[in-house]
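Everything below concerns the one structure shown next.
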Amino acid sequence: MQMSQQLSIPSMGCGTWAWGNQFLWGYNESMDEQLQAVFNLCVSNGVTLFDTGDSYGTGKLNGRSESLLGRFSKEYQGVNQHHICIATKLAAYPWRWTRQAMVKACQSSAQRLGKNVDLVQMHWSTANYAPWQESGLLDGLGDLYQQGLVKGVGLSNYGPKRLQRVYKKFAARGVPITTLQVQYSLLSTYPVTELGLKDVCDQLGIKLIAYSPLALGILTGKYSEKGSLPPGIRGLLFRQLLPGVRSLLECLRDIAESRNKTMSQVAINWCICKGTIPIPGAKSLAQAKQNVGALGWQLHCGEVAALDQAAANTDRKMVQNIFQTQ
């Protein structure tokens with residue numbers, strides 16, 4: 001049986017939701033060379049965790065993110081290459097409800113990656129709408145670990161109550177939970193602050209991954225109420241959120257200027273200071289360099305407190321993932 005200790009989890013990862021997603025992120029195949037450069041830059045700077053999902057990639061490009069990661073990791077030769085950790089999330093599609101369906105799904109991911117998945121994660125809990133479906137899917141995750149097909153098992157969008165139930169279920173089989181990921185940023189503190197998720201993870205020895213640490217780009221400071229907004233759904237969301245987050249963005253800007261960092265770097269570093277592993281996405285080399293600049297330094301506790309206060313005082317928050325459980 002493989003042990004999860006073989007996994008190497010760094011202090012920051014890279015999210016690859018945009019890699020293959022035309023609808024929300026405007027992906028096209030001409031970006032692949034740039035994405036390989038992003039991958040190389042991340043790994044060489046110690047950002048060796050890449051988070052993906054078997055549902056990533058729109059339409060005919062379904063699974064594209066995994067295929068690209070498979071190609072990039074194969075072609076990468078250099079520092080940290082043995083620490084690369086590909087973490088994929090298997091979707092709880094309605095037609096997946098047996099343990100065997102999860103095993104097959106992971107085998108398909110492994111095929112696209114050209115190697116075994118390092119960390120397999122349940123993409124979301126079905127507890128909010130089809131609780132009967134979840135048991136078989138979780139059994140399948142446990143099977144993958146016990147059969148040595150993955151090095152570790154993780155969850156996504158689970159709250160503390162549900163997490164503790166799954167933890168007990170897995171512990172009875174000798175299957176540790178390595179990671180849990182939730183939406184977490186200065187604009188989405190709900191799972192951690194209000195549900196107390198970090199404390200539960202610490203007690204159970206689970207690493208907490210923060211996805212969307214830049215709140216889809218709002219915390220970068222790149223967008224303003226009067227300036228241009230991103231196209232599509234993101235633009236609509238930003239239009240609603242921006243007026244209510246002015247004071248938070250000002251606080252971020254002040255700290256960034258005094259530190260000679262960017263707002264993005266401060267927002268990501270805040271997540272690290274909170275004991276989480278942020279996984280900001282990157283589509284370009286410039287974004288990847290920006291993300292890497294969040295490492296190697298730390299905000300003072302006074303700066304963290306000022307950001308906490310500004311976040312608590314915002315009128316608007318990011319929309320919670322509908323699958324997030326209690």
Side-chain angles (χ1 to χ4, degrees), residues 9 11-13 15 17 49 51 53 87 89-92 119 121-131 133-135 137-138 141 152-171 175-216 218-219 237 241 244-245 248 267-280 299 301 304-326:
I9 310 274
S11 54
M12 183 173 89
W17 179 24
L49 171 69
D51 181 75
K89 298 184 292 297
L90 302 179
L119 175 66
Q121 305 158 97
M122 178 88 156
H123 204 150
W124 65 83
S125 167
T126 65
N128 291 346
Y129 63 96
Q133 188 188 359
E134 192 167 63
S135 187
L137 302 182
L138 292 169
L141 285 191
V153 169
L155 302 171
S156 180
N157 298 307
Y158 278 68
K161 283 185 193 157
R162 201 80 196 160
L163 170 63
Q164 284 166 315
R165 284 174 68 171
V166 178
Y167 180 85
K168 280 185 190 141
K169 182 181 171 78
F170 278 165
V175 177
I177 298 173
T178 304
T179 57
L180 166 64
Q181 61 169 286
V182 291
Q183 177 177 282
Y184 184 60
S185 71
L186 281 160
L187 275 180
S188 176
T189 57
Y190 168 76
V192 175
T193 311
E194 290 172 45
L195 295 181
L197 193 53
K198 178 72 172 65
D199 298 338
V200 175
C201 283
D202 289 349
Q203 284 160 21
L204 302 178
I206 297 168
K207 290 181 163 71
L208 191 61
I209 294 174
Y211 73 76
S212 213
L214 297 174
L216 298 183
I218 288 187
L219 299 175
L237 181 67
L241 291 177
V245 300
L248 172 60
I268 294 168
N269 195 278
W270 176 87
C271 290
I272 295 171
C273 289
K274 293 290 182 179
T276 69
I277 300 162
I279 49 168
L299 291 163
C301 48
V304 172
L307 287 166
D308 286 350
Q309 189 61 52
N313 291 341
T314 51
D315 295 340
R316 304 283 168 88
K317 303 272 188 236
M318 275 297 284
V319 183
Q320 281 306 303
N321 190 310
I322 53 166
F323 296 122
Q324 176 67 44
T325 62
Q326 292 287 312

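Each residue takes its place number in the sequence, starting with 1.
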Applying side-chain contact (heavy atoms from CB on, under 4.5 Å), run through Leu187 and Leu248 and close with a yes or a no. CA-CA 9 Å; Leu187 275 180; Leu248 172 60; 3.8 Å; yes
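- A distance below 6.0 Å separates the ring centres of Tyr184 and Trp270.
- Residues Val200 and Gln164 have side chains in contact (heavy-atom distance under 4.5 Å, counting atoms from C-beta outward).
- Looking at heavy atoms from C-beta onward, Ile268 lies out of side-chain contact with Leu219 at the 4.5 angstrom threshold.
- Using a 3.5 Å distance cut-off with no hydrogens or angles, the side chains of Gln183 and Ser188 do pair a donor with an acceptor.
- Checked by atom type, the side-chain pair Thr189/Glu194 shows no donor-acceptor distance below 3.5 Å.
- When atom types are taken as modelled, the side chain of Thr314 and the backbone of Gly244 share no donor-acceptor pair closer than 3.5 angstrom.
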Evaluate side-chain contact (heavy atoms from CB on, under 4.5 Å) for Met12 paired with Cys271, printing each intermediate quantity in order. CA-CA 10 Å; Met12 183 173 89; Cys271 290; over 6 Å; no
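- Looking at Val304 and Asp308, their side chains come closer than 4.5 Å, going by heavy atoms from C-beta outward.
- Asp202 has no carboxylate O lying under 4.0 Å from a charged side-chain N of Lys207, or vice versa, which leaves the two without a salt bridge.
- Although no hydrogens or angles enter the test, the distance criterion places no donor-acceptor pair under 3.5 Å between the side chain of Ser125 and the main chain of Tyr158.
- Between the side chains of Gln121 and Asp51, at least one donor-acceptor pair of N or O atoms lies under 3.5 Å.
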So Thr325 and Asn128, side-chain contact (heavy atoms from CB on, under 4.5 Å) or not? Walk me through it. CA-CA 7 Å; Thr325 62; Asn128 291 346; 3.8 Å; yes
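- Counting heavy atoms from C-beta outward, Ser135 and Lys169 have side chains that approach closer than 4.5 Å.
- Minimum interatomic distance between Ile272 and Ser11 (heavy atoms only, all atoms of both residues): CG1-O, 4.0 Å.
- Between Ile177 and Leu163 the shortest side-chain heavy-atom distance falls below 4.5 Å.
- The nearest pair of heavy atoms linking Leu180 to Cys201 is CD2-SG, 3.9 Å.
- Side chains of Leu195 and Val182 form no contact here, defined as non-hydrogen atoms less than 4.5 Å apart.
- Counting heavy atoms from C-beta on, the side chains of Asn157 and Tyr211 come closer than 4.5 Å.
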Decide yes or no on side-chain contact (heavy atoms from CB on, under 4.5 Å) for Leu155 and Leu138, but give the supporting numbers first. CA-CA 10 Å; Leu155 302 171; Leu138 292 169; 4.1 Å; yes
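- Taking the side chain as every heavy atom from C-beta outward, Glu134 and Thr126 approach each other to under 4.5 Å.
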